[in-house]
Amino acid sequence: MVEAQQRRLKLYAYLDARDHHRTYLAVMRLFTSTLLADLSAGEVAGALAGAEREGRVEQGESRIENVIARLRQLVEWGNLVQGRREVVAASIAEFQHGSVRYQVSKLAVRVQRDVDELLRVPEGAREVSRELLPAVERGLRQLGSSLSEALLAERHGPSSTGARRAGEALAEQVTTLFLQHAELAATVRDFYAYLGQVVTRNHLAPDEISGFRNLLVEYIQRVVEDVLRHTPAIADALAGLARARVELLRLLDPTDRLGGEVERARGRSAADWQELTDWFVDRPGRPSQVTALREATARAIGSLLASVKRATSGGGLLPGRRAELLKLAAWFDASAQADAHELYAATFGLYSARHLLPAPEHDGDDERTPWRDGPMRDVTVSVRSRGDRGARGRTSRIMDDPMTEQSLLAEAREVDERRAAAINELSGAASSLAETTLSQDALGVLCELLTMAMAQRERADDTGSAADPVRGLRVTVRHAAGSATRITTSGGTLTLHDSTLALDHEGQDAPS
């Protein structure tokens with residue numbers, strides 16, 4: 001598995017190659033620009049000649065010997081695959097260049113497609129496709145009726161024209177539903193990634209604060225309101241489809257199978273439907289993306305209010321020197337090399353004889369690297385905001401505190417011993433759990449494992465199981481209509497309706 005992942009990660013090597021990465025990018029764009037591209041080294045060289053004249057690749061990259069070297073390197077990385085075909089050639093060299101053909105691999109097409117899409121993405125925020133929420137809700141409602149029609153048509157005649165058309169309509173609705181949800185989820189992720197990038201900045205200009213205030217107060221409010229308004233109906237529709245999910249997946253299964261390694265369309269597996277459900281519906285221990293969206297919005301508004309408070313506070317100096325630093329950067333950009341050194345010395349007071357830095361953590365090899373390309377150094381908030389290099393805050397805490405360390409270790413040992421005793425008590429009571437009175441510690445461990453086991457159940461008639469990873473005690477909950485499991489403890493009785501409980505320790509089953 002690890003080796004397969006490493007091979008796939010090599011598909012990205014041409015994007016950050018030490019040399020000739022522009023040539024590699026041009027070659028990959030050439031192979032992914034058409035369907036079923038089958039090119040020889042000579043054809044690639046001819047295409048690179050135009051790119052070389054336009055300055056998109058370096059001079060000499062269109063020479064046939066250089067093109068062959070680049071193509072072989074892409075084959076080694078796994079982006080291209082070699083093939084052969086019969087050609088009519090006037091020389092051995094022409095035969096070698098024309099008979100060896102190159103095609104692009106499937107995964108390399110996806111990598112290049114993602115690269116081109118990334119390069120086209122602007123730096124600003126991405127609009128959330130809120131209009132897809134009612135479309136998803138409407139599609140789920142229609143899917144229920146379409147599933148009923150397809151099942152009815154199948155009963156009348158599995159091979160009839162009506163059954164085939166009903167199955168095709170059902171597949172069309174499922175594909176459309178998952179495409180709509182994928183676009184919605186992608187726009188939400190991109191928008192909140194941009195939002196997290198800007199609201200966590202320490203200093204914002206007044207015009208930026210005004211723009212983000214409108215963005216948060218108006219736009220995000222509409223997004224969250226739309227999501228919360230449509231989520232209950234979507235959750236109800238998903239719960240209704242969950243009961244008929246087996247029949248739905250059976251109808252979507254193609255009769256002309258393409259093999260076990262085929263990449264199926266979304267919505268054709270139970271995992272796809274579970275992922276769709278988890279986006280809208282909370283589960284024990286697994287909050288939905290709707291909940292995460294609401295919490296992220298609250299954090300973003302809190303960060304913006306903190307930035308506004310810093311910017312509008314009346315006491316002391318301004319919270320940042322952003323404008324001054326931008327003005328200084330413009331001076332550096334417009335000055336010559338000698339003037340830049342004088343400006344640097346006059347601004348920061350760090351002349352060449354006084355330019356002292358702390359010793360690095362390890363020896364570097366960047367003594368010939370210009371300072372503008374060298375590693376960045378962190379500037380403390382006091383220096384960045386007030387120009388004050390004085391130390392602030394309380395005295396640092398003593399890191400070596402043996403008394404506290406021993407007390408914490410003793411507390412950890414006590415907790416571990418109590419948990420071990422509780423698990424031993426549960427293991428001993430596995431065969432007669434109904435007649436045993438459990439202690440509070442044993443009840444706590446049982447409830448912890450019981451909660452994790454319940455979280456594994458999607459429906460009430462499913463079976464859930466959870467185990468202690470250290471001592472191997474496993475709790476299994478099974479559905480049993482009409483029965484009840486009672487667990488007596490020193491503080492009361494715990495009753496599980498329509499369920500049976502089984503304890504398993506070291507391979508021995510002990511149903512209650």
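Here NE2 of His181 is found 6.0 Å from CG of Leu184. Values are rounded to the nearest 0.5 Å. Once rounded to the nearest 0.5 Å, the distance linking CG of Asp468 with CZ of Arg474 reads 10.5 Å. Separating the CG atom in Leu147 from the CG atom in Leu241 is a distance of 7.0 Å, to the nearest 0.5 Å. Residue Thr493 holds its OG1 atom at 10.5 Å from CG of Leu438, rounded to the nearest 0.5 Å. From Phe280, atom CZ reaches atom OG1 of Thr291 across 12.0 Å, with rounding to the nearest 0.5 Å. A distance of 10.5 Å separates CZ of Arg413 from CG of Leu408, quoted to the nearest 0.5 Å.
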Q) Should Thr277 and Arg245 be marked as a side-chain contact (heavy atoms from CB on, under 4.5 Å) after you check the CA-CA gap, both sets of side-chain angles, and the distance that decides it? A) CA-CA 12 Å; Thr277 305; Arg245 186 179 298 176; 3.9 Å; yes
Q: Dump the intermediate steps for side-chain contact (heavy atoms from CB on, under 4.5 Å) on Val136 and His230, then the final yes or no.
A: CA-CA 9 Å; Val136 171; His230 292 283; over 6 Å; no
Q. Stepwise, does the side-chain contact (heavy atoms from CB on, under 4.5 Å) test hold for Ile220 with Phe191?
A. CA-CA 10 Å; Ile220 294 186; Phe191 177 79; 3.7 Å; yes
Q) Which is it for Glu425 and Ser439 under the side-chain hydrogen bond (donor to acceptor under 3.5 Å, both in side chains) test, yes or no, and what are the steps along the way? A) CA-CA 9 Å; Glu425 180 182 349; Ser439 63; 2.8 Å; yes
Q. Yes or no on side-chain hydrogen bond (donor to acceptor under 3.5 Å, both in side chains) for Thr187 and Glu127, after CA distance, side-chain angles and deciding distance?
A. CA-CA 7 Å; Thr187 56; Glu127 181 182 6; over 6 Å; no
Q | Pair Val475-Asp504, side-chain contact (heavy atoms from CB on, under 4.5 Å): steps then yes or no | A | CA-CA 7 Å; Val475 173; Asp504 176 28; over 6 Å; no
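Looking at Gln440 and Thr489, their side chains never bring a donor and an acceptor atom within 3.5 Å of each other. A side-chain N or O of Asp272 and one of Ser269 form a donor-acceptor pair less than 3.5 Å apart.
Under the 4.5 Å side-chain criterion, counting only non-hydrogen atoms from C-beta, Ser288 is in contact with Asp282. For the pair Thr463 and Thr476, the minimum side-chain heavy-atom distance is below 4.5 Å. At least one side-chain heavy atom of Leu496 sits less than 4.5 Å from a side-chain heavy atom of Leu450. With a 4.5 Å cut-off on side-chain heavy atoms, Arg130 and Val128 count as touching. Using a 4.5 Å cut-off on side-chain heavy atoms (C-beta onward), Leu179 and Glu183 make no contact. Using a 4.5 Å cut-off on side-chain heavy atoms (C-beta onward), Ile487 and Thr495 make no contact. Under the 4.5 Å side-chain criterion, counting only non-hydrogen atoms from C-beta, Glu137 is not in contact with Leu133. A heavy-atom distance below 4.5 Å is found between the side chains of Leu501 and Leu446.
In summary, of the residues considered (Arg266, Gln180, Arg268), a side chain to side chain contact (heavy atoms under 4.5 Å, CB included) with Thr175 occurs for Arg268 alone.
The minimum heavy-atom distance linking Leu252 with Ala171 is given by the pair CD2-CA, 3.6 Å. Taking every heavy atom of both residues into account, Cys447 and Leu494 meet most closely at SG-CD2, 4.4 Å. Minimum heavy-atom separation, Ser490 to Thr437: N-CG2, 3.8 Å. Looking at every heavy atom in both residues, Thr500 comes nearest to Ala480 through CG2-CB, 3.7 Å. Here the shortest heavy-atom pairing between Leu140 and Ile234 reads CD1-CG2, 3.6 Å. Smallest separation of non-hydrogen atoms from Ala442 and Leu426: O-CD1, 3.7 Å.
With sequence neighbours excluded, no residue forms a salt bridge (charged side-chain N to carboxylate O under 4.0 Å, His left out) with Arg138.
The main-chain N or O of Val227 is found under 3.5 Å from a side-chain atom of Thr231 such that the two form a donor-acceptor pair. Side chain of Ser105 to backbone of Asn79: a donor-acceptor contact under 3.5 angstrom is found. In this structure a side-chain-to-backbone donor-acceptor pair under 3.5 Å is missing from Ser129 to Leu132. Not one N or O on the side chain of Arg457 forms a donor-acceptor pair closer than 3.5 Å with the backbone of Gly464. Of the possible polar contacts, one joining the Asp498 side chain to the Gly482 backbone as a donor-acceptor pair under 3.5 Å is found. A side-chain donor-acceptor contact under 3.5 Å links Ser499 to the backbone of His497.
Residue Glu131 places its CD atom among more than 12 non-hydrogen atoms of other residues, nucleotides or ligands, all under 6.0 Å distant. Glu225 CD: more than 12 foreign heavy atoms inside a 6.0 Å radius. Other residues, nucleotides and ligands contribute over 12 non-hydrogen atoms within 6.0 Å of the CZ atom of Arg229.
A salt bridge links Asp190 to Arg126: at least one charged side-chain nitrogen sits closer than 4.0 Å to a carboxylate oxygen. Ion pairing of Arg250 with Glu247 is present here, as a side-chain N (NZ or NE/NH1/NH2) and a carboxylate O approach within less than 4.0 Å. Taking the charged nitrogens against the carboxylate oxygens, Asp278 and Arg283 do have a contact shorter than 4.0 Å, which makes a salt bridge. Using a 4.0 Å cut-off between a side-chain N of Lys or Arg and a carboxylate O of Asp or Glu, Asp416 and Arg419 do not qualify as a salt bridge.
Ring-plane geometry between Trp273 and Phe178 is classed as perpendicular, the angle between the planes exceeding 60 degrees on a 0 to 90 degree scale with a lower cut at 30.
Between Trp77 and Tyr12, the distance from one ring center to the other does not fall under 6.0 angstrom.
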